[in-house]
Number of protein chains: 2
Amino acid sequence: MSDNFTRPQKQKDLSAAIAERIRQDILAGALVADDRLPSESELSEAHGVSRATVREALKRLAAQSLIRTKRGATGGAFVNRQSFEDAYAQMASSATLLITLNSVDIKTACEARFALERGCVRLAAKHRQEHHLDRMRAEIARQKDPELSDEAFCASDVAFHRALVDAAGNPVLSWQLAAAVEGIEPLMNMLTYRQRDRDAVISLHEAMVEALEARVGARLEILMDYLRDQTLRTALS
Amino acid sequence: MSDNFTRPQKQKDLSAAIAERIRQDILAGALVADDRLPSESELSEAHGVSRATVREALKRLAAQSLIRTKRGATGGAFVNRQSFEDAYAQMASSATLLITLNSVDIKTACEARFALERGCVRLAAKHRQEHHLDRMRAEIARQKDPELSDEAFCASDVAFHRALVDAAGNPVLSWQLAAAVEGIEPLMNMLTYRQRDRDAVISLHEAMVEALEARVGARLEILMDYLRDQTLRTALS
DNA sequence: GGCAAGTCAAATGTCTGACAATTTCACAAG
DNA sequence: CTTGTGAAATTGTCAGACATTTGACTTGCC
């Protein structure tokens, strides 16, 4: 049973209480995406509070991207359909927070990233499509530019691996990995790649694209282990 | 005095703009944990807006757990120390939201869960300690109770697998998996296990504990695949 | 009848001023 | 020294007003 520890203060903070009520309505399915909430005046009357209080509640929900508002005659507050982009952003920001708060070291972060990714590669081998290979090849091409800054190299690396995970064709995997990878990106950005390191990474990337094209999941797992070791070497040098 | 140096999309929604400014201050480190923000009156004067608008902005930040407020003479808005629990809860809640709002099916959810977990087992085999085995054995014992409701069985299953992931000794993995598993728990709760299904799951759990004790990661991966297939059979029957 | 322009109504966004509730602190009374 | 009490500061809530936006409706012209 998922016990909701969201039982803060029922007596205090009306705006929080109202927000919670509406939030429950949304999560319980009474309100679905693109439904329009009652107007602020109606809500204030329905809940017996002032319009200002209702507005504060709505702002809370808006801050969580649960609703959006539109002005004008047909305006109002509408239930948001959560987009993948929103999800990426929100989960990634939480992941970043967790990592900085707990001062995770780069070794732990790498280990986690490659472990999670390793779990996806068999599915990726099974479901990959041409456009995934294309995206990855494009990133490899970018990575070969020796003028690329470390940060840009890292960003391209992230894009490469996101394409790999997307190839698994599982949205849950995609956003979980995206959150983790983006969360540890600040740590990865502190890496300084020597040219030799970059070459090693690029070689592995190329081998991974080949293995993905041939749909050989087992080989992808091995390459992923190599890449983890290579990255750890770069980090610890 | 409204500055005209404001960045894009600033024409609308003053309260969002103010919230964003304060948020930047917090993230940029100008304000650190437990710092007190200026009072609402001071903020309204400083930003040239009414107190109501400032309050809406503060509610937005409060909804993101960035600040907390206290009434009274020494009250005000204080920057929250981001706790592990907050960030973790936020991550789990966005995972839940995503899954329900995007109507992820149980097959996709299972696939993702076991794929992520599969990536952890080699680390778990390497770093597991006795107390991890103990936790898992305790859950297996609970699962053997035939009076257990499906929901309770599922909860015990979650606890078992959380222990397994914790055994990897990597906090990043632990909370990533925990968020994912918590997010798909509502879906898993809809499963109805026949006794035969439960027996199969329990046998696999026992085999996994053995493999973990012997630190044989490869066998754990195979067992994880079996468990995934078994769970999918239960889900689709 | 059809189209264009103007008008209107509904809704959110913002402001103002007030009062209530809560909390701390100083200070006086005992 | 303790205790109570009131002032001050601050957030929480309210009521009402006006500004702004936007779609729908009306009107007038062709």
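Throughout, a chain's letter reflects where its sequence line sits, starting with A, and its residues are numbered from 1.
Between A:T74 and C:dA11 there is no side-chain polar atom (N or O) within less than 4.0 angstrom of OP1 or OP2. Between B:T69 and D:dG12 there is a side-chain N or O to OP1 or OP2 distance below 4.0 Å.
A straight line from CD of A:E45 to C1' of C:dA10 spans 16 Å, rounded to a whole angstrom. Atoms CD1 (A:I18) and P (D:dT13) sit 9 Å apart, rounded to a whole Å. Rounded to whole Å, the distance from CG on B:D13 to C1' on C:dG13 is 8 Å. One interatomic measurement links the two molecules: CD of B:E42 to P of D:dA8, which rounds to 17 Å at whole-angstrom precision. Between B:L14 atom CG and C:dT14 atom P there is a gap of 5 Å when expressed in whole angstrom units. At whole-Å resolution of the value, CZ in A:R68 and C1' in C:dG13 are 18 Å apart. As a whole-Å value, the separation of A:F78 CZ from C:dA11 P is 10 Å. Rounded to whole Å, the distance from CD on A:E40 to P on D:dG16 is 17 Å.
Each of B:G76 and A:R71 was assigned the nucleotide of DNA chain D with the nearest heavy atom; the assignment lying further toward the 5' end belongs to B:G76.
At the heavy-atom level, B:R36 lies under 4.0 Å from the strands shown only through sugar-phosphate atoms.
Near DNA chain C, meaning a heavy atom under 4.0 Å away, the residues from residues 52-64 of chain B are B:T53.
For the residue pair A:Q24/A:E20, the side-chain donor-acceptor check at 3.5 Å is satisfied. Side-chain N/O atoms of A:S174 and A:D166 include a donor and acceptor closer than 3.5 Å.
Counting only heavy atoms from C-beta on, A:S50 has its side chain closest to D:dC14 among D:dC14, C:dG13, D:dT11. Ranking D:dG23, C:dC25, C:dT12 by closeness to the A:A73 side chain, first place goes to D:dG23.
What you find for A:T108 and A:V104 is that their closest heavy atoms are CB-CG1, 3.8 Å.
The shortest distance between side-chain heavy atoms of A:F160 and A:V209 falls below 4.5 Å.
Taken to the nearest 0.5 Å, the SG atom of B:C110 stands 8.5 Å off from the CG atom of B:L187.
The base of C:dG13 sits within donor-acceptor range of the side chain of A:R51, with an N or O pair under 3.5 Å.
Of the options B:I26, B:L58, B:V79, B:I22, a side-chain contact (heavy atoms from CB on, under 4.5 Å) to B:L66 is made by B:I26 and by none of the others.
In this structure a side-chain-to-backbone donor-acceptor pair under 3.5 Å is missing from A:R118 to B:R118.
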